[in-house]
Amino acid sequence: MARITYILHDGTERVVEAEPGMTVMEAAVKNSIPGIAAECGGACACATCHVYVDEAWREATGSPEQMEEDMLDFAFDVRSESRLSCQIKVTDALDGLVVRIPEKQI
C-alpha cells in the first residue's frame with residue numbers, strides 16, 4: 001500500500017492508502033476526496049482530476065504523455081507541476097506522494 005496525501009485548496013490534508021495498480025484519481029474517488037470530479041472515470045478524456053504534484057515527487061510520477069498534455073489544456077490554472085491524477089499509477093515507490101488539488105476543476 002502507498003500512502004497519498006491530498007492537500008485541498010483550503011490547506012486541509014487528507015491521507016489515504018492506495019493499492020498498487022490503482023491510479024491517484026481512483027484512490028481519491030474511493031476515499032471521497034473533495035475536488036476530484038473524475039467525470040470521465042479515468043479515460044483521460046476530461047481534466048476534472050487535475051492535481052499539482054509536489055516538487056519532491058515530480059520525477060517519481062514522471063512526465064505527462066501527449067494525450068494528457070492535450071487534456072491539460074482544458075484544466076484550470078495549469079502549472080509545470082500539473083498532472084491528471086487518472087494518469088498517475090500508484091506503485092510502492094509512490095508511498096508518501098503529495099498532491100495538491102486546484103481551487104476548481106473545469
Residues 40-66 vs salt bridge (charged side-chain N to carboxylate O under 4.0 Å, His left out), sequence neighbours excluded, gives D54-R100, E55-R58
Taking side chain as C-beta onward, heavy atoms only, is L84 less than 4.5 Å from V51? no
Side chain proximity check, V99 to S85, heavy atoms < 4.5 angstrom: no
Tell me if the CZ atom of F74 is crowded by more than 12 foreign heavy atoms within 6.0 Å. no
Is there a path of hydrophobic side-chain contacts, each under 4.5 Å between heavy atoms of I/L/V/M/F/W/Y residues, joining V53 to V29? yes
Counting only N and O atoms by type, is there a donor-acceptor contact under 3.5 Å from the side chain of R83 to the main-chain atoms of G62? yes
Judged by atom type as modelled, is there a donor-acceptor pair below 3.5 Å linking the side chain of T12 to the main-chain atoms of L8? no
Straight-line distance of M1 CE to M22 CE, nearest 0.5 Å: 8.0 Å
Does the side chain of R14 come within less than 4.5 Å of I33's, by heavy atoms? yes
With rounding to the nearest 0.5 angstrom, report the OG1 to CD distance, T61 to Q87. 12.0 Å
With clusters defined by side-chain heavy atoms of hydrophobic residues (ILVMFWY) lying less than 4.5 Å apart, directly or transitively, does W57 cluster with V78? no
Within the structure provided, determine whether C49 and I36 are in side-chain contact (heavy-atom separation under 4.5 Å). yes
Could you tell me whether a side-chain N or O of E26 sits under 3.5 Å from a main-chain N or O of T23, the two making a donor and an acceptor? yes
Enumerate, atom names and distances included, each donor-acceptor pair closer than 3.5 Å involving a side-chain atom of residues 37-48, sequence neighbours excluded.
residue, atom, partner, partner atom, Å
T48, OG1, A38, N, 3.2
T48, OG1, E39, N, 2.8

Nearest heavy-atom pair of A60 and L94: which atoms, and what distance? CB-CD2, 3.8 Å
Is there a side-chain contact between Y6 and E13, using heavy atoms and a 4.5 Å cut-off? no
Output, in order, the C-alpha distance, side-chain angles, deciding distance and verdict of side-chain contact (heavy atoms from CB on, under 4.5 Å) for T5 and V16. CA-CA 7 Å; T5 300; V16 304; over 6 Å; no
Could you tell me whether the side chain of D95 and the main chain of R3 form a donor-acceptor pair under 3.5 Å? yes
Using the ring-ring contact (aromatic ring centres under 6.0 Å, His included) rule, collect all pairs that involve residues 34-53, keeping only residues at least two apart or in two chains. H50-Y52
Closest non-hydrogen atom pair, L72 against S82: CD1-O, 3.9 Å
Given 3.5 Å as the limit, does a donor-acceptor pair link the side chain of Q105 with the main chain of G35, or not? yes
Nearest 0.5 Å please: distance from the CD atom of E17 over to the CG atom of N31. 9.5 Å
Would you call L97 and V24 a side-chain contact if the rule is heavy atoms closer than 4.5 Å? yes
So do the side chains of V15 and I4 get within less than 4.5 Å of each other, counting heavy atoms only? no
